[in-house]
A.B. asks: 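Quick one: the structure is below, questions incoming.
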Protein chains: 2
Amino acid sequence: MVVCSANHSLGHTFLNDQNQSVVELVSGRERLLKSALKLFAERGFDGVSVRDIAADANVSGGLIKHHYGSKEGLRQAVDEYFISRFESFYGTGDQHVENLQGGEFLATIDSWVSSVADEWPIFSRYFRRALLEETEWGAALFKRYFEIVRGSIDRLDAQGRIRPDVDRLWLPFLFIFLETGTLLLDQYIEKSLGRSGYDRDLWRRRYLAYSDMIARGIMIEPGNTSS
Amino acid sequence: MVVCSANHSLGHTFLNDQNQSVVELVSGRERLLKSALKLFAERGFDGVSVRDIAADANVSGGLIKHHYGSKEGLRQAVDEYFISRFESFYGTGDQHVENLQGGEFLATIDSWVSSVADEWPIFSRYFRRALLEETEWGAALFKRYFEIVRGSIDRLDAQGRIRPDVDRLWLPFLFIFLETGTLLLDQYIEKSLGRSGYDRDLWRRRYLAYSDMIARGIMIEPGNTSS
DNA sequence: AAATAAACTATACAAACGTTCAACAGGCTT
DNA sequence: AAGCCTGTTGAACGTTTGTATAGTTTATTT
């Protein structure tokens with residue numbers, strides 16, 4: 001999906017440093033999209049200028065206007081690309097909490113982490129920005145994410161795995177807080193632990209801690225907090 | 001602490017709509033600080049112009065330069081004010097998880113919520129922005145917050161209340177994820193539940209759900225996730 | 001090979017930004 | 001009353017922003 005999807009040509013011809021004619025395999029349009037995705041993820045929409053994006057993609061700034069109409073149009077195109085990746089990561093499979101059977105649970109997480117590893121550094125940062133920048137699209141993305149998490153909880157609930165007295169109003173949010181914590185605060189995890197919370201081992205270990213807290217809590221004397 | 005701290009005069013004289021001489025009780029310097037606090041909280045440092053701040057404070061833009069040197073200098077002054085409020089909210093007292101004795105726990109939370117209620121809407125939004133904008137000061141603020149949370153955990157641990165097999169590396173982060181979830185994502189809670197997660201009743205109810213999950217977990221069959 | 005369409009570049013423009021500065025008003029000191 | 005310091009104003013500056021547009025190169029069509 002990365003190589004050449006242009007309709008008309010195999011690429012754009014230009015001269016390199018040695019005045020040799022060279023063919024860019026990826027069109028300016030595609031390079032703009034990927035550069036925008038990367039830079040928006042790193043610095044946010046308002047933190048990046050069209051000149052930054054054009055420079056990163058090695059094209060002239062006017063090309064954004066030509067292909068995407070405006071900076072906002074480029075954002076929409078990036079959003080569409082992101083959501084397609086999002087659905088491919090979260091949308092289909094049942095990689096979630098509902099089928100956790102001992103070691104199988106860890107193996108599922110591990111293989112899921114492997115499958116998203118390449119795209120994750122940029123994907124996760126774009127996801128973070130999308131949730132934090134207060135746009136309508138960000139709200140729609142959260143809504144979709146919320147549905148996915150609630151779906152997992154509902155399936156657990158249908159199996160009778162969740163205690164009846166657990167607050168069903170806050171439960172999906174508490175799950176989301178735990179799941180998005182690393183997404184939103186990874187810069188501080190990295191400062192504190194020396195590597196990203198999405199480092200393979202830390203990721204695995206966090207899921208163990210996280211699912212253990214959900215399953216059993218962390219306290220020794222149970223039930224001494226509520227009434 | 002809000003009224004008049006000027007050294008030289010009780011206020012600045014100016015003419016109102018009816019050409020009556022009126023004394024502003026709060027100096028332009030203070031109004032600038034409060035306006036900046038509010039606007040930075042709502043829209044972020046880069047989302048607010050010095051003209052916006054000056055207009056909100058009913059002063060000329062040049063006054064920022066005079067009192068604070070620059071926009072960045074104004075931010076530092078706001079940061080200092082914020083950190084003093086932060087310490088007064090979190091720093092001293094033991095309003096945290098370590099002395100949770102049934103109903104007393106809820107009463108402690110309730111009174112703490114009451115004591116911060118007035119300032120909370122602006123304070124919490126500024127806190128959020130400080131954590132999310134990637135500044136050195138934000139990192140220092142997180143570090144301080146992390147220390148406070150870990151301190152609570154350490155005291156719980158010293159009392160032998162936490163199971164020995166619980167992952168001590170991730171535990172403070174999981175606490176922070178749960179505590180800051182509403183801080184960072186309140187816009188979506190508001191959209192989903194119709195009111196802020198810092199609404200009194202929702203706040204209380206969240207703490208119940210949150211401490212219950214920590215104490216006992218939420219699942220019916222305990223211990224079926226790890227190994 | 002000529003013509004048309006698409007990809008792409010370079011420059012110009014108005015708006016908004018943070019900053020600077022000359023001027024002025026009011027209260028305090030002498 | 002004169003002088004000075006502080007608080008305050010309003011306009012100007014240079015820079016950067018997103019957008020617009022005219023022109024050039026490359027690719028496709030006829």
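The shown structure was predicted, so the numbers you read here are calculated from the model rather than taken from an experiment. Below, chain A is the first sequence line, B the second, and so on; all start at residue 1.
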A.B. asks: Closer than 4.0 Å, any side-chain N/O of B/Lys65 to the OP1 or OP2 of C/dT20?
C.D. replies: yes
A.B. asks: Could you state the atom-to-atom distance from CD of B/Glu30 to P of D/dG7 in whole Å?
C.D. replies: 12 Å
A.B. asks: Could one point to a donor on the side chain of A/Ser70 or the base of D/dG18 with an acceptor on the other under 3.5 Å away?
C.D. replies: no
A.B. asks: Nearest 0.5 angstrom please: B/Ile64 CD1 to B/Lys71 NZ, how far?
C.D. replies: 9.0 Å
A.B. asks: So which one's nearest nucleotide on DNA chain D is more toward 5', A/Lys71 or B/Gly62?
C.D. replies: B/Gly62
A.B. asks: Starting at CD1 of B/Ile64 and ending at C1' of D/dG10, how long is that distance when rounded to a whole Å?
C.D. replies: 14 Å
A.B. asks: Working to the nearest 0.5 angstrom, can you tell me the gap between A/Arg150 CZ and A/Tyr145 OH?
C.D. replies: 14.0 Å
A.B. asks: For the OG1 atom of B/Thr180 and the OH atom of A/Tyr188, what is their distance to the nearest 0.5 Å?
C.D. replies: 10.5 Å
A.B. asks: Ignoring hydrogens and geometry beyond distance, is the side chain of B/Ser49 in donor-acceptor contact with the base of C/dA16 at under 3.5 Å?
C.D. replies: no
A.B. asks: May I have the distance from B/Asp46 (atom CG) to C/dG18 (atom C1'), rounded to whole angstrom?
C.D. replies: 12 Å
A.B. asks: Between A/Arg31 (CZ) and C/dT9 (C1'), how many Å, whole number?
C.D. replies: 13 Å
A.B. asks: What is the distance, to the nearest angstrom, from the CD atom on B/Glu72 to the P atom on C/dG18?
C.D. replies: 12 Å
A.B. asks: A/Trp203 vs A/Trp120 aromatic rings, parallel, tilted or perpendicular, using cut-offs 30° and 60°?
C.D. replies: tilted
A.B. asks: How long is the line joining CG of A/Leu63 and P of C/dA7, in whole Å?
C.D. replies: 9 Å
A.B. asks: Can you tell me the distance, in whole Å, between the CZ atom of A/Arg29 and the P atom of C/dA7?
C.D. replies: 8 Å
A.B. asks: Of the nucleotides C/dG18, D/dT19, C/dA7, which one has an atom closest to the side chain of B/Arg51?
C.D. replies: C/dG18
A.B. asks: Please verify the inter-ring angle class for B/Trp112 with B/Tyr90; under 30° counts as parallel, over 60° as perpendicular, anything in between as tilted.
C.D. replies: tilted
A.B. asks: Side chain of B/Val50, heavy atoms from C-beta onward: which of D/dG18, D/dT6, C/dT19 has the nearest atom to it?
C.D. replies: C/dT19
A.B. asks: Quick one: B/His66 NE2 to C/dC24 P, roughly how many Å, whole number?
C.D. replies: 17 Å
